[in-house]
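Note that this is a predicted model, so its numbers are computed, not measured.
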Amino acid sequence: MKPLLINNSLFWQYEGKVACSWYLCGDGVNDAMRDAHMTWCVTHNCDGIILCLNNEELMTLFADEYMRTLDMRKYTTFITYCDRLKAAGAKIVFAFYDGPPIPNAKYPCLGYMDRHEAFIKAACQTLNQYASAYLIGCETNRYWDVTTVRKAIAVTKQHAGLIPVGSHEQWNPQNREFVGGDFCCYETRNHPKDGDSISVGDMVAEVQFIQRSLPPGFPVWVAEFNLNDSARAREQARALADLPGVVGVGGPM
């Protein structure tokens, strides 16, 4: 397995507002915004990005139903952006899905369980040349059970070669069972907007608690913990990055 060493920034500042980078090929995003994010990453020493492929409200590459007909305009925009990121040396992590399902969704996809395996296979065939890692989804604990996520990880590993595969999950008060994969992509219990209210010590203690529930030495990527561009966020990121077994941090350090 390739080593997964990434300092991405899920949240960033664009025109004075907080933006989310995993929808940079979604509706309402243009090249100027993508250019601004690339510049922001350089100035903030971030070397990676998560790109979401399917969100029922914001993102699809299909012109009609999920897994029917590619929208070639969207597809070309997406691949062109991947080419630019790769040329810049960025580590690209693709998240297949985001949820939970949305009633009367613009781009319904999560309920099509019989189409997901074909999508994952096709996505890997196209994106392996760009991918540093794959995520089954963003916040998969909100819409799929552990069995579903584990099956998706297994399917992805069949097609991803040596590329690491995991899933992004939130802190779960019901002590959700570990979903498996090659790494744990973790979101802390606090809403990221409240990240500055969490002490560095408490943030570290939470991640250490999660690590104790995982196999010894299992890689952890703390991808979501604070959306603020603040001194506290950087202190948290540096402290988390110093922890043994933490291989990724989602914020500038």
Side-chain angles (χ1 to χ4, degrees), residues 8-38 49-85 92-127 130-131 133-145 148-149 151-153 155-156 166-170 185 187 191-193 223-224 227 250:
N8 70 304
S9 191
L10 181 58
F11 301 106
W12 62 296
Q13 295 286 327
Y14 182 65
E15 296 184 342
K17 297 180 180 179
V18 175
C20 182
S21 62
W22 63 27
Y23 300 131
L24 279 171
C25 287
D27 290 0
V29 177
N30 55 29
D31 284 336
M33 191 171 183
R34 286 184 279 269
D35 291 346
H37 180 259
M38 292 179 72
I49 184 172
I50 301 171
L51 290 180
C52 186
L53 302 182
N54 292 287
N55 174 281
E56 294 201 332
E57 181 181 16
L58 298 170
M59 178 65 202
T60 187
L61 294 174
F62 298 102
D64 40 32
E65 281 190 8
Y66 168 64
M67 281 302 291
R68 294 296 188 194
T69 308
L70 272 178
D71 183 318
M72 293 310 299
R73 180 186 61 82
K74 290 184 177 182
Y75 177 78
T76 299
T77 296
F78 180 77
I79 292 298
T80 299
Y81 184 44
C82 291
D83 284 331
R84 292 188 61 211
L85 290 168
I92 311 173
V93 178
F94 297 101
F96 296 134
Y97 307 103
D98 190 16
I102 298 170
N104 302 311
K106 185 177 182 180
Y107 305 123
C109 64
L110 293 176
Y112 290 102
M113 300 303 294
D114 59 326
R115 303 183 189 180
H116 294 329
E117 186 167 346
F119 175 81
I120 290 170
K121 178 180 179 181
C124 288
Q125 288 174 340
T126 300
L127 300 177
Y130 303 104
Y134 287 112
L135 293 171
I136 299 309
C138 303
E139 301 179 354
T140 41
N141 56 296
R142 298 179 68 192
Y143 47 97
W144 280 335
D145 60 25
T148 300
V149 178
K151 180 179 179 182
I153 288 172
V155 168
T156 305
S167 199
H168 170 269
E169 299 219 341
Q170 301 167 306
C185 186
E187 176 183 345
H191 192 288
K193 69 180 175 61
E224 190 169 350
L227 61 70

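- Atoms CE and OH, from Met59 and Tyr23 in turn, are 11.0 Å apart once rounded to the nearest 0.5 Å.
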Exercise. Given the rule in the side-chain contact (heavy atoms from CB on, under 4.5 Å) test, do Glu224 and Ile50 qualify, once you have shown the distances and angles that lead to the verdict?
Worked result: CA-CA 11 Å; Glu224 190 169 350; Ile50 301 171; over 6 Å; no

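- Considering only heavy atoms from C-beta on, Glu65 comes within 4.5 Å of Arg115 through its side chain.
- Glu187 is not listed as a side-chain neighbour of Cys138, based on a closest heavy-atom distance of 4.5 Å or more.
- Between Val93 and Ile49 there is no side-chain heavy-atom pair separated by less than 4.5 Å.
- Between atom CH2 of residue Trp12 and atom CG of residue Leu24 there is a gap of 6.0 Å, rounded to the nearest 0.5 Å.
- Side-chain contact check for Arg84 versus Met38: some heavy-atom pair is nearer than 4.5 Å.
- Contact check for Thr69 versus Asp71: no side-chain heavy atoms found under the 4.5 Å cut-off.
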Exercise. So Asp145 and Thr148, side-chain hydrogen bond (donor to acceptor under 3.5 Å, both in side chains) or not? Walk me through it.
Worked result: CA-CA 5 Å; Asp145 60 25; Thr148 300; 2.8 Å; yes

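- Here the straight-line distance linking atom CG of Asn55 with atom SG of Cys109 works out to 7.5 Å at 0.5 Å rounding.
- Between Tyr107 and Phe62, the distance from one ring center to the other does not fall under 6.0 angstrom.
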For this session: Mind running side-chain contact (heavy atoms from CB on, under 4.5 Å) on Phe94 and Thr156 for me, showing each step along the way?
Result: CA-CA 12 Å; Phe94 297 101; Thr156 305; over 6 Å; no

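- At least one side-chain heavy atom of Lys74 sits less than 4.5 Å from a side-chain heavy atom of Asp27.
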Exercise. Between Tyr81 and His37, does a ring pair (Phe, Tyr, Trp, His ring centres under 6.0 Å) hold up when you go through it step by step?
Worked result: CA-CA 12 Å; Tyr81 184 44; His37 180 259; 7.7 Å; no

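- Considering all non-hydrogen atoms of both residues, Pro103 and Pro101 come closest at CD-O, 4.0 Å.
- The backbone N or O of Glu139 sits less than 3.5 Å from a side-chain atom of His168, completing a donor-acceptor pair.
- One finds no salt bridge joining Glu117 and Lys151 here, because no Lys/Arg side-chain nitrogen approaches an Asp/Glu carboxylate oxygen to under 4.0 Å.
- Within the 3.5 Å criterion, the main-chain N or O of Ser9 finds a donor-acceptor partner in the side chain of Ser21.
- For Phe96 and Tyr134, the gap between ring centers is short of 6.0 Å.
- Classification of the Trp144-Tyr97 ring pair by plane angle, with boundaries at 30° and 60°, yields perpendicular.
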For this session: Apply the test side-chain hydrogen bond (donor to acceptor under 3.5 Å, both in side chains) to residues Tyr143 and Asp98: give CA-CA distance (whole Å), side-chain angles for both, the deciding distance (0.1 Å), then the verdict.
Result: CA-CA 9 Å; Tyr143 47 97; Asp98 190 16; 4.9 Å; no

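- Thr60 places no side-chain N or O within donor-acceptor distance of the main-chain N or O of Asn54, the cut-off being under 3.5 Å.
- Here the side chains of Pro108 and Tyr66 are not in contact, with every heavy-atom distance at 4.5 Å or above.
- Residues Arg142 and Gly99 approach most closely at NH1-O, 3.7 Å, considering heavy atoms.
- Once rounded to the nearest 0.5 Å, the distance linking CG of Leu10 with CG of Leu227 reads 9.0 Å.
- A distance of 10.5 Å separates CD of Glu169 from CG of Leu135, quoted to the nearest 0.5 Å.
- To the nearest 0.5 Å, atom CD1 of residue Ile92 and atom SG of residue Cys82 are 5.0 Å apart.
- Residues Phe78 and Leu61 have side chains in contact (heavy-atom distance under 4.5 Å, counting atoms from C-beta outward).
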